[in-house]
Amino acid sequence: MVSVVVVGTQWGDEGKGKIIDFLSAQASMVVRCTGGSNAGHTVVCGGNTYKLHLVPSGILYDGVDCIIANGTVVDLKALLEEIDTITSQGFSVDRLKLSDRAQLIMPYHIKLDNMQELAKGANKIGTTGRGIGPCYEDKVSRCGIRVHHLLNWPSFEKKVRNNTAEKNKIFAMNGLPEMDAEAIIEEYKGYAERIKPFIEDTSVVVNEALDAGRKVLFEGAQGTLLDIDHGTYPYVTSSSPISGGVCPGAGVGPTKINRVAGIAKAYTTRVGDGPFPSELFDEMGDKLREAGHEFGTTTGRPRRCGWFDVPVVKYSVLVNGLSDIVLTKLDILDGFEEIKICVGYEYEGKILRSMPADLHILSDLKPVFETMPGWMCDTTACRKYEELPENARKYVERIEELCGAPISIVAIGCDREQTIIRRDLFE
Ligand code: GDP
Ligand code: IMO
Ligand code: MG
């Protein structure tokens, strides 16, 4: 096996960063294909915590090429800050490459994101405020500014002037101050100089690596239920974080992908607004949030918490074509006497067969729970599957049975070492 796609199966923050970092020990390239700095991927190693937003989570390894591919949306200011942080932490960014086809998030995108959220009032999406949606809007309406425009300064200047003028009409209509295109151009001069050495046609680089038999990891961002098509629309992000998004997002064909691993938290969390059938509003929810330190990596917002939701992960198995599931944060359930699993949804007296598309049904359905006994002991020192307490293994195997895909890795802590392998993803 040479290529493994890693995706989130729920609403993001499943532990993709930790698993990509863990698998990077075996890989020679990690590719980010979609999203931008709305993502917050945490890697813990050697007693230090690293928070990555756009830079692939393989950056802590010498010899791993890290690619920010064409499907991403890039805030240059945020990316350069991230590069500075990584460098100051003693890591090299010499192996980092940025696609010439990636879209640039411009200051007016961030302002539009916040303006749109405010205008929606109680119906806001709860975005990360990073300008993601407005940038993808410009991409699709074919007026976006791409990384290669930085290499042709007159065309970059022209585009910034045109786009700023267009956005200023919207700001004026909403009673907001206009933006100064010349100030943006001036600011970007410095960014352009610094980012130039990283720019490449990354689809060529990735395909060459795959053809040479090098092991490549595709690092998903966000999660399946935040997908623009398959998520809880409109409470979603503006890209395709599912496995299929890797092909347009990195410029590789589906025949080049060998395996798709879906990361699933042993319970469920969501940050931002929108339906969440197994959400807990009682002290159990608070207990999960505290035990799991469930506060957003990017925005610091408290994450909404609930029990493991089988219909969600089963849907992820389906739309991603998952070959494997990686179950994370099992240790967070160590102190629960009883653990519930949402095994289905009931709506108007019937059990639903699949994830409903209609937001009203999603908000009104009743989750059906199954209860399992907890194990009430510390699992964080376990290193082999057999070392897990019997009830923990029963929980893992029940989830596996209900979701219909093998659980190949179980994580029982944020550290690299706290990872139990049942099946090698590169085998
Ligand atoms: P990502 O966006 O999918 O990369 O996930 P985040 O980094 O936003 O959130 C996952 C959080 O859980 C991070 O703080 C990780 O360090 C932590 N984490 C990941 N796996 C485990 C695990 O198995 N146990 C515990 N206790 N923490 C974990
Ligand atoms: P990682 O990669 C969790 C959510 C936001 C909001 C919705 C739209 O760390 O798992 P956006 O700013 O993308 O327009 O916001 O999507 N969201 C995430 N939630 N983890 C993420 O990334 C997210 N990226 C976006 O909270 O509900
Ligand atoms: Mg995250």
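Counting convention: from 1, in listed order, for ligands and their atoms alike. Position 1 is the first residue of the sequence, and the numbers go up from there.
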Inset, instruction - Might you confirm whether atom OH of Y385 has over 12 heavy atoms from other residues, nucleotides or ligands at distances under 6.0 Å? - result: yes
Inset, instruction - For ligand 2, indicate whether the residue Y235 contacts it via side chain, backbone, both or neither (heavy-atom separation under 4.0 Å). - result: neither
Inset, instruction - Give the residue and atom name of whichever protein heavy atom lies nearest to atom 13 (O) of ligand 2, and the separation in Å to one decimal. - result: T237 OG1, 2.6 Å
Legend entry - Close residues, ligand 1: non-hydrogen atom nearer than 4.0 Å: D13, E14, G15, K16, G17, K18, G40, H41, T42, V44, T297, R303, T328, K329, D331, I332, A411, I412, G413, C414
Legend entry - Sub-4.0 Å heavy-atom approach of D113 to ligand 2: no
Inset, instruction - For ligand 2, indicate whether the residue H41 contacts it via side chain, backbone, both or neither (heavy-atom separation under 4.0 Å). - result: side chain
Legend entry - Cation over ring face, K287 and F336, 6.0 Å, 45°: yes
Inset, instruction - Name all residues meeting the salt bridge (charged side-chain N to carboxylate O under 4.0 Å, His left out) criterion together with R301; count only those two or more places apart in sequence or in a different chain, and write none if there are none. - result: none
Legend entry - side chain to side chain donor-acceptor pair (under 3.5 Å) against K169, all qualifying residues, sequence neighbours excluded: E166
Legend entry - Closest protein heavy atom (residue, atom, distance) for atom 8 (C) of ligand 2: V236 O, 3.4 Å
Inset, instruction - Check ligand 2 against W11 and write out every atom of the ligand that is under 4.0 Å from a heavy-atom position of the residue. - result: 3 (C), 19 (N)
Legend entry - Angle subtended at the Mg ion (ligand 3) by OD1 of D13 and O of G40, nearest 10°: 160°
Inset, instruction - Tell me whether the centres of the aromatic rings in Y50 and F91 are closer together than 6.0 Å. - result: yes
Legend entry - Shortest protein heavy-atom distance from atom 12 (O) of ligand 2, along with the residue and atom involved: T128 OG1, 2.6 Å
Legend entry - The one among I125, D13, L226, D273 that brings a heavy atom closest to atom 16 (O) of ligand 2: L226
Inset, instruction - Within a distance under 4.0 Å of any heavy atom of G272, pick out the atoms of ligand 2 and give their elements. - result: 27 (O)
Inset, instruction - Report the relative orientation of the aromatic rings in Y395 and W375; use parallel for angles under 30°, tilted for 30 to 60°, perpendicular for over 60°. - result: tilted
Legend entry - 4.0 Å heavy-atom contact, R301 with ligand 2: yes
Inset, instruction - Using the salt bridge (Lys or Arg N to Asp or Glu O under 4.0 Å) rule, pick out the option among R95, R214, K215, K97 that qualifies with D65. - result: R214
Legend entry - Close-contact set for ligand 2 against A221 heavy atoms, below 4.0 Å: 2 (O)
Legend entry - Partners passing side chain to side chain donor-acceptor pair (under 3.5 Å) against Y188 (at least two apart in sequence or in another chain): none
Inset, instruction - With heavy atoms only and a cut-off of under 4.0 Å, state how R130 meets ligand 2: side chain, backbone, both or neither. - result: neither
Inset, instruction - Look only at interatomic distance and state if E14 has a nitrogen or oxygen under 3.5 Å from any nitrogen or oxygen of ligand 2. - result: no
Inset, instruction - Using a strict cut-off of 4.0 Å, indicate which atoms of ligand 2 neighbour a heavy atom of K16. - result: 1 (P), 2 (O), 10 (O)
Inset, instruction - Give a yes or no on this: more than 12 heavy atoms of other residues, nucleotides or ligands lie within 6.0 Å of atom NZ of K256. - result: yes
Inset, instruction - Indicate whether any N or O donor in one side chain lies under 3.5 Å from an N or O acceptor in the other, for Q418 and D331. - result: no
Legend entry - Ligand-residue contact atoms, ligand 2 with G126, heavy atoms, under 4.0 Å: 5 (C), 6 (C), 26 (O), 27 (O)
Legend entry - Nearest-option assignment for atom 14 (O) of ligand 2, heavy atoms, candidates T127, T299, L225, T42: T127
Legend entry - Any R270 heavy atom less than 4.0 Å to ligand 2: no
Inset, instruction - Have a look at H109 and tell me which of N114, D75, D138 forms a side chain to side chain donor-acceptor pair (under 3.5 Å) with it. - result: D138
Legend entry - Ring-face cation of K111 near F171 (centre distance under 6.0 Å, axis angle within 45°): yes
Legend entry - Test item, G40 contacting ligand 2 (heavy atom, 4.0 angstrom): yes
Legend entry - Sub-4.0 Å atoms of ligand 2 with respect to non-hydrogen atoms of A39: 1 (P), 2 (O), 9 (O), 22 (O)
Legend entry - Protein contact of atom 19 (N) of ligand 2 - nearest heavy atom, named by residue and atom, plus distance: V271 CG1, 3.4 Å
Legend entry - Within-shell test, Q222 vs ligand 2, heavy atom, strictly < 4.0 Å: yes
Inset, instruction - Inspect the surroundings of CD in E337 and state if more than 12 heavy atoms from other residues, nucleotides or ligands are less than 6.0 Å away. - result: no
Legend entry - Check: S141 side chain, E137 main-chain N or O, donor-acceptor pair, under 3.5 Å: yes
Inset, instruction - Consider only side-chain N and O atoms of S57 and E219, and report whether a donor and an acceptor are under 3.5 Å apart. - result: yes
Inset, instruction - Using the salt bridge (charged side-chain N to carboxylate O under 4.0 Å, His left out) rule, take D113 and R130 through it: C-alpha gap first, then chi angles, then the decisive distance, then the call. - result: CA-CA 7 Å; D113 192 357; R130 300 294 191 267; over 6 Å; no
Legend entry - Over 12 foreign heavy atoms within 6.0 Å of CE, M115: yes
